[in-house]
Structure formats: C-alpha cells, structure tokens
Protein chains: 2
Amino acid sequence: MRPTVHDIAAEAGVSLATVDRVLNNRPGVRSITRDKVERAIATLGYVRDVAAANLAKSRSYPLIFILPEGENAFMRGLEAEIEFARARSAVERTEITILSVPAFDAAALADALDEARRRGPAGVAVVAVEAPEVVAAVGRLREDGIAVVTLVSDLTGSERDHFAGVDNIAAGRTAGSLMRRFLGSREGPVAIVAGSMLVRDHRDRLEGFSAAVGEGVARRHLLPVVEGHDDPTEVETLVRDLLAAHADLAGIYSLGAGNRGLIAALEKAGRQSEICAIAHELTPYSRAALVSGTIDALLNQDAGHEVRSAIRVLKARADGLSMIEAQERIRIDIFLKDNLPVEPA
Amino acid sequence: MRPTVHDIAAEAGVSLATVDRVLNNRPGVRSITRDKVERAIATLGYVRDVAAANLAKSRSYPLIFILPEGENAFMRGLEAEIEFARARSAVERTEITILSVPAFDAAALADALDEARRRGPAGVAVVAVEAPEVVAAVGRLREDGIAVVTLVSDLTGSERDHFAGVDNIAAGRTAGSLMRRFLGSREGPVAIVAGSMLVRDHRDRLEGFSAAVGEGVARRHLLPVVEGHDDPTEVETLVRDLLAAHADLAGIYSLGAGNRGLIAALEKAGRQSEICAIAHELTPYSRAALVSGTIDALLNQDAGHEVRSAIRVLKARADGLSMIEAQERIRIDIFLKDNLPVEPA
DNA sequence: GAATTTTTGATGTACGTAAATCAAAAATGC
DNA sequence: GCATTTTTGATTTACGTACATCAAAAATTC
C-alpha cells in the first residue's frame, strides 16, 4: 500500500494537522518540525493522491480556448477537437469555453485575452498572432497566476508556460527535404504559398523549407513567397497566376491553409500530376487530394493531440505540477497516400 | 455543479441505497424502481465520478506486460517506457509487472501467458508471436475476465480486446512508396531483410512493401526475403553477402530489428550513400545512421505512446468502460533526418 | 388475511485529502 | 517567572462513491 498522510504523521511523530500544514504550506510550523515531516515524506516515498485531493477540494478547472474564426479547415477541426474534449469535461473536471476572434488580428486577440482574464479561469490556450500587444496581454494573464499555453502558433518573447504545437522550422525543413528528393534531377522553379508572415508558424516553416530544399548539388530556384491569408479563394487566384506565369514550375509548397484553392487551381490547369505539391494539415480536402495524387505529401500536426496536451499542461500548471515532457511533444506527421489514417481523420 | 448520487435519489424519489443498487447493479430492485432511477440518471445527465469511485473502492490495477528478451533495441526501448510508466503507477493506481520470454518462441510465450493468468491481474499486454497455443492461452485469460491487449505485433484470430500498435501493412506500403520515389528512375534490385515470418508485424510489412514498391511504370526487381531474427550479427552477415552478390543493388528495406548489423555492413562496404536504405524503429543506432545518411528514411512507432495507450485501454476494459478510438490509434511516424525529434528519442 | 418473501429505507463506515476550529503546549520576550 | 506569541495537537466536517447492516415497508403466496 502506498503511504498516506497518517503514515507520515506517525513516521514523523507529529499530528495530522501538522502534516497538512506542511503539505499545503500553511503557516505556523517551525522549520525543525517542517524538516521532520519532509524527511518522513522522503523516507516513505509519499506521493499525494491527486484524485483524493481534488475530491476534497472540489477542484475544477475553468479553461478558455481562443482561436481564429473563418473557414480554415484546420482551425475548424481544432475547434471540433476542443468540443470533443468538452464532452469529456465531466470526467476531467474541466469547464471549457471557446472564444473566437478574427484571423491575423492582433488587436482583437489582445482584447480576447483581456476578456479571458476578466473571467478568471485556471488556464488559457491561445492560437497566437505575433504582436507586442498580444505579448503584453499574455503577460497580464500570467501576472494573475493564470496558466497560458500557446496552441499551434507560438508567441516569441512571451511568458507563456508552454507551446502545444510542432517545431515549425523542422516542419519546413522536412517539406523542403521531401521536395528535393521527390523532384530529383528534374529542373524548374518552386513556388511557395504562405498564409501570413504575421504568424510565427508560417515564418518558421518558410525558413526551414528555404534552407532544406536547396541543399546538396543543384540549387533550386525559389519564386518569391505569396500570401493567401489562409483563404481558399485568394489562394486559388494566386496559384492560378503562378501557374500561368511559370510553364516550367516543378513544385509548390503550401505552408498555410486554404489548400482547397491550391487543389482547385492545379486541377483546373490539369497540371496536378506534373507538379510536385506539398502542403500542410490533413483535412477532408487535402486528404482527397493526397489520395488522388494532386498533393504528393502532407505534413500534419494532430489537432486532437494538441488539444489534449494543452489541457493536460494547463491543468498541471494550475496545480503547480510538472509535466511529462515526452508526452507533450507534438510530432510532425508525414502523410503519403500510403500511410493515411482511416477515414475520420 | 455536476449531479451526484444524492441528486438522483431526490429526483427519482428513492433512497440513496436504492440508487446505489441500481448503479452497481446489485440485486433486489423492482424493475419499476430501476426504471425510475435510470430515468433520473438520464434526466440529470449523471456521470459517475470515477476518481471518487476508485477512491472508495481502493481500486488498483495489477497489469502484466510480456515482451521478448534479447538485445533488440526497440524492445529494450519499449521496456524502458514500461519502467517509466511504472514510476508513475502511484498516481495511476497501476501495479505493473514485466515478464520476459525468449524471442520468437511460441511455447515459451504461451507458458508466460498462463503464468500471468495464475497471478490474476486486471490486464495483460503482450508482444504476440502467432501460434495456436498462444491464441489459446489468450482465450483462457479472457475467459477469466482478464483484459488482453496485444502490443506492437497482433495475434490473428485471438480474443484480445485491442491491438496497441501500428497498421503494419500500411507501414510496409509507406516504406515501399518512399523507396520507389527516392529511387526514381534509378535501376537495380531491392533487397528485403526481415526478422522472422513468425510474427505478424513482419509479415504485414512485407506484404505492404512488395505491393507498393513496384507500383507505377517500372516494376522493380525484389530479391528473395532473408531472415535475420532481429539479431545484429546475423543481419550483418546477411547484408554483407547481399552486397557482395549484387553489385548493382539499389535499395535495402529492413523491416525488422537488428539494424546495427545493416548499418555496419553498409558502411564497411562503403556503399552507404549509393544504396537507398529504409528501416524501422528509431533507436540510438538508427538515429545516428539517419543523421549520417547511411539510412535514408526511418519508419517508427512511438513506444511511449503504445505503452500509455495499452495501459489506458487495459484500465478502461477492466472497468468495463469504453475508450476514445482516435486517441488510441498509433501513428506510423516517418522520420527523415530533418524531422527527427530532439535527442532523448 | 396471515405468513412469507422481496424490496426499500436509514444509517454508518470507509477511501485519502483539505480545511477549519479550539484547546494545549511550547517557545519567546522582558 | 510571568505574560505573550507561536507552534502543535485533537477533532470534526466535507468531497462523491462503495459497501454493509438492520429495520421497515411493500408485494407476493396460499
């Protein structure tokens, strides 16, 4: 049997009340006594029973998720995962609220963070846009002792407790490396379509891709980056123009969302099998395009993993506990049509 | 506040004792009364507080893991993950025991399963070897109400509750697809090194690979499969002979363990950059070979995920609960040197 | 309708911890 | 050495559920 507070009290030769005072560092314990208790804890290898403690405390974890609105399929998938987690909140003792803000809008995001702060939750998870006012708003949350996790896109220079997302520089490098190997000795330039350089994840992916695609012998010509703001319509126009302007285009790297536009443009031009296309995030659209061959490889971050990881970390931080680093590391999944997970994505 | 048993009692107009009888289906309740209580449960949306219930029951979960001994780096990594989970057993209320058996030995495995049965655990996780006596032993465990999860390698025709591992046919297909694209128009045969055709995962990978590598235009010549029994020394000899016999060898697919032997043979022959090598499982050896370029791509199953998944499923099954399918699906990770996770692996 | 069986209620204890109260003991100041 | 402050002990209630016991009520049998 694992030791309980009673065992510590007996081992240390003090009362239960004193053990409680030490465990929950309440005042009124001499340091000599505190030492005795701590030695007993170490000797017996006592670990607080979190379940029992939460029961006694009637603990619950109000959490707020802030994410961009709009028809970004990945973000909607993320929202679905949050809703799914909410369905399990009875068991997890969480109370999850979702706030939606306009995409790529730093001021609106900062306002939402302040609103979250007003509500006084145990933790906040936020898809960040990089801007000083956002950093400042996160700082205010942390000052109030509210745990903050950035989700999907990180926030440079902020006080966030953790980033629940992938290493986007490595993701870009991986895309570049795949593009290089898939193109082999084939000639022609490569185009890059981003969402916005305002978000950290897109900047990071671009950096990684540029470095890796040109490695080795033949340097590859990269066309200037275009920004489609994660909007399918805008992306389609951009890609259509790129295809028209470059008859010898060898590859396209889409590092943001709006891949429906990319797919449509490639298929309308009838150049889907000739051009090597690599994109991000598994959605119903991108999955179909991978299966049909329009897209050659897909990099993915598992939204479900990210949401569950964010919740675990926020709960742990709210309790002042540590986390299992290895469990919280979000992998960069590479999908070919051969290793696609079964339907529900 | 979420409803408690007291709320149900009030809503249904019965006593606490009756609610308890219904919830834990104890005898002595008229079906009319039972209905009343169940309607109250549905109306209030009551969900049993598992933490409190486990506390009251002083529930613990004795679990037994059975895995092959020997210097298979992946299996040793798996064992390390199990040990790591054991360190957390105080919190998780698990009591984990590990049984080691000789690799690829069906009789020994069946004995170990019977030994596990004798100890009467809540659940058993086992790296399976396919054989009728193993299927039978698993059946005996299930008859005793002991939950069984196959780990890494599945067991055809058995009564196991769940398989905690990857889809190995898809894994083989993925390897084949990568091999095909990486080789491009390059000529030459491809060799396949397996561990043993006695385990399901190796057979599945071979099947997938053979199908995918030869897709498309140029059919690729595949050399007959050789079996290295996951032993580095044996594998090295096999590969050395393959290299000597085939001066034009274009690729090698190692679908089992013992990759240290593969790497040594390739490097001693000085043909590591000329031959496209694809292997399984991220270990310190394979990682170094991926970074140096001796191995071109590595397919991996995350041992930590598998162990944690197996434990979650065993606990859920022991309580008669369901699991989140999506959370328990183990991904096939593709690693290039660009998306390698940071050191500790 | 009396005797029997089945069903229900009332109550208490337990799990391991949190949190509070009040009294007793020890340490400290002067 | 007395008064004061600080520290410690003893005890109780609570969290939500499980489980056991005994008495009371209701249903069933004949």
Side-chain angles (χ1 to χ4, degrees), chain A residues 1-41 44-61 89-95 318-321, chain B residues 1-41 44-61 89-95 318-321:
Chain A
M1 278 315 252
R2 45 189 292 212
T4 73
V5 282
H6 295 83
D7 300 321
I8 301 178
E11 171 79 17
V14 301
S15 77
L16 220 56
T18 302
V19 174
D20 178 71
R21 289 181 185 112
V22 172
L23 277 175
N24 300 289
N25 30 235
R26 287 183 238 281
V29 185
R30 274 189 306 168
S31 57
I32 308 121
T33 316
R34 183 173 297 273
D35 284 353
K36 266 199 300 187
V37 173
E38 273 161 1
R39 239 175 296 121
I41 291 177
L44 298 180
Y46 169 83
V47 183
R48 176 198 254 110
D49 184 323
V50 188
N54 284 343
L55 179 59
K57 277 189 290 201
S58 313
R59 184 78 158 105
S60 89
Y61 303 84
S89 47
V91 187
E92 309 235 22
R93 296 181 181 279
T94 56
E95 293 158 26
D319 287 338
L321 300 175
Chain B
M1 277 318 252
R2 44 189 291 209
T4 74
V5 280
H6 295 82
D7 300 321
I8 300 178
E11 171 79 17
V14 300
S15 77
L16 220 56
T18 301
V19 174
D20 178 70
R21 290 183 184 110
V22 173
L23 277 175
N24 300 291
N25 34 235
R26 284 183 240 283
V29 186
R30 275 188 304 167
S31 56
I32 309 123
T33 316
R34 187 173 293 273
D35 284 353
K36 268 199 297 186
V37 173
E38 273 162 0
R39 239 174 298 121
I41 290 176
L44 298 180
Y46 170 82
V47 183
R48 175 199 256 111
D49 185 324
V50 187
N54 285 344
L55 178 60
K57 278 190 289 202
S58 315
R59 184 75 156 106
S60 89
Y61 303 83
S89 48
V91 186
E92 310 235 22
R93 298 182 179 278
T94 55
E95 292 158 27
D319 286 338
L321 301 176

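Chain letters run A, B, ... following the sequence lines, proteins first and then strands; every chain starts at 1.
Residue A/Arg26 places at least one side-chain N or O under 4.0 Å from the OP1 or OP2 atom of C/dA19. Distances shown here put a side-chain N or O of A/Arg48 below 4.0 Å from the OP1 or OP2 atom of C/dA18.
Listed by residue number, the members of residues 10-18 of chain B with any heavy atom below 4.0 angstrom from DNA chain D form an empty set.
In the set C/dA27, D/dA18, C/dG16, the nucleotide with an atom closest to the side chain of A/Arg30 is C/dA27. Taking every side-chain heavy atom of B/Ala56 into account, D/dT17 is the closest of D/dT17, D/dC15, C/dG16.
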I'd like a list of close polar pairs between nucleotides 28-30 of chain C and the protein, N/O only, cut-off under 3.5 Å.
none

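Although no hydrogens or angles enter the test, the distance criterion places a donor-acceptor pair under 3.5 Å between the side chain of A/Arg2 and the main chain of A/Val47. When atom types are taken as modelled, the side chain of B/Arg21 and the backbone of B/Gly28 share no donor-acceptor pair closer than 3.5 angstrom. Checked by atom type and distance alone, the side chain of B/Asp35 never pairs as donor or acceptor with a backbone atom of B/Ile32 at under 3.5 Å.
One finds the CZ atom of B/Arg48 at 5.0 Å from the CG atom of B/Asn24 (value rounded to the nearest 0.5 Å). Taking CG of B/Asp49 as the start and CG of B/Leu55 as the end, the distance is 9.5 Å to the nearest 0.5 Å.
Counting non-hydrogen atoms under 4.0 angstrom, A/Asp20 reaches a base of the nucleic acid.
In this model, a side-chain donor or acceptor of A/Arg21 finds a partner on the base of D/dG9 within 3.5 Å.
Rounded to whole Å, the distance from NE2 on A/His6 to P on C/dG16 is 9 Å.
Just one residue in the list A/Leu23, A/Asp7, A/Val5 forms a side-chain contact (heavy atoms from CB on, under 4.5 Å) with A/Ile41, and that residue is A/Leu23.
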